[in-house]
Amino acid sequence: MENKKELRTWLDNFNLNHPLVIAGPCSAETEEQVLTIAHQLKETDTNVFRAGIWKPRTRPGNFEGVGALGLKWLQKAKEETGLLMTTEVANANHVDLAMKHDIDILWIGARTTVSPFIVQEIAEALRGTDKPVLIKNPVNPDLSLWLGAVERMYTSDIKNLGVIHRGFSTYEKTRYRNNPEWQIAIDLQNRFPDLPLILDPSHIAGRRDIIFDLCQTALDLNYDGLMVETHHDPDNAWSDAAQQITPSTLDKYTEDLRIRTEESKSTVFKNKINTLRTQIDVIDHQLIDILGKRMTVANEIGKLKKEHNVAVLQTKRWNEILGKMILQGEEKNLSEEFILRVFKAIHQESINHQEEIINH
Ligand code: PEP
Ligand code: MN
């Protein structure tokens, strides 16, 4: 993507000294609800008001949004509060209607990003406009689909882009509604450093109590903004009730969040951070060394198994190793999930090596 600087222009125009704050209900429910929340948010750090008009629900039979009627309520909320407006568009017709109602920023939902056909349709509908478009990550943990959606917009001449990290669905139940998988967002940020990156802690969390911590992590990772579902009466929201917070809670959160600058001018800080970074580099080298050593031993075992015609996979022994490592990990404050992931990866690599040895 050439000319990446262009990507930030729309956000730089806000001239903010804090991350962009997008807030508002999951869904527009009634005109009164939209106006009440918008007026309450006007008193906070919120820059942009969000509300879903067309709600893509995973299962039918839930509230599916008020439809185009809600666009009028957003226009009214903008007139009365001066907040910018954003809503989700999921096809060319939505784009058309949103443009006609002067919605300032459009977002593409997680269930849309998974479909290159629809992303392309939306890109065509927007071709040549300067409307900012925020692209949520796809539902499944697939960096290429996310990148692909950004590229489809960009190649349709839509340059005012941003991405929203809303977490990824998993089959197993975790503490999150959608697993954050921070690494995927960091990978995307590394590919397109000038693409504004916004966290949606609400859809990651699925519940109120971890929203603040998720926001803090995002700011520590230099995210450019937050999109937080906010409702004047969260418990009675028509969709996503468990994860919405009130405007006054949001206000308190934005006050308490620590915003870090990317680089500090202080030399003490610079010296310290350099030392610590060097230490990390040294340890990373050691890690690779030690993994190499472990693999050499695993290769020896592979040869031995070949000579004695023994199967590569020894499940019982593997489970014993894992159990010990989880206990040791606990002592070092490393989560069981982390130990499992690391050792599964190491084990898989050993199996690959041993199979190579046995089959040749
Ligand atoms: C939403 O923002 O309300 C929404 C439906 O989000 P997502 O596409 O991330 O599920
Ligand atoms: Mn929602």
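Numbering of residues begins at 1 and proceeds along the displayed sequence. Numbering of ligands and ligand atoms starts at 1, following listing order.
- The distance from ligand 1 to the heavy atoms of Lys55 drops below 4.0 Å at these ligand atoms: 1 (C), 3 (O), 5 (C).
- Looking at ligand 1, you won't find any N or O of Asp240 less than 3.5 Å from one of its N or O atoms.
- For the pair Lys100 and Asp96, the salt-bridge criterion is met [side-chain N within less than 4.0 Å of a carboxylate O].
- Looking only at protein heavy atoms, the nearest one to atom 4 (C) of ligand 1 is His203 NE2, 3.5 Å.
- Under a 4.0 Å criterion applied to the non-hydrogen atoms of Cys26, ligand 1 contributes the atoms 3 (O).
- Cation-pi geometry between Lys78 and Phe49 is not satisfied (NZ or CZ under 6.0 Å from the ring centre, within 45° of the ring normal).
- Salt-bridge annotation for Glu300 and Lys303: present, with a side-chain N of the basic residue lying under 4.0 Å from a carboxylate O of the acidic one.
- Looking at Asp240 and the Mn ion (ligand 2) together, the shortest N, O or S contact belongs to OD2.
- Using the six-membered ring where Trp is involved, His165 and Phe168 have ring planes that are tilted, between 30° and 60° apart.
- Between Arg50 and ligand 1 there is a heavy-atom distance shorter than 4.0 Å.
- Note: Tyr253 and Phe212 have perpendicular aromatic rings, judged against thresholds of 30 and 60 degrees for the angle between ring planes.
- A heavy-atom distance below 4.5 Å is not found between the side chains of Asn91 and Trp54.
- Near Gly109, with a cut-off below 4.0 Å to any heavy atom, the atoms of ligand 1 are 8 (O).
- Here is the list of ligand 1 atoms found below 4.0 Å of a heavy atom in Glu88: 5 (C).
- The SG atom of Cys26 and the NE2 atom of His203 meet at the Mn ion (ligand 2) at an angle of about 170°, given to 10°.
- For the Mn ion (ligand 2), the nearest N, O or S atom contributed by Glu229 is named OE2.
- For ligand 1, the atoms closer than 4.0 angstrom to any heavy atom of Arg166 are 7 (P), 9 (O), 10 (O).
- Summary of contacts: the protein heavy atom closest to atom 6 (O) of ligand 1 is Lys136 NZ, 2.9 Å.
- Residue Glu355 places its CD atom among more than 12 non-hydrogen atoms of other residues, nucleotides or ligands, all under 6.0 Å distant.
- Under the 30°/60° scheme for interplanar angles, the aromatic rings of Phe63 and Trp238 are found to stand perpendicular.
- In terms of polar-atom proximity, Asp200 is not counted as a contact of ligand 1, lacking any N or O under 3.5 Å from an N or O of the ligand.
- Looking at atom 8 (O) of ligand 1, its nearest protein heavy atom turns out to be Ala110 N, 2.8 Å.
- More than 12 heavy-atom neighbours from other residues, nucleotides or ligands sit within 6.0 angstrom of CD1 on Ile283.
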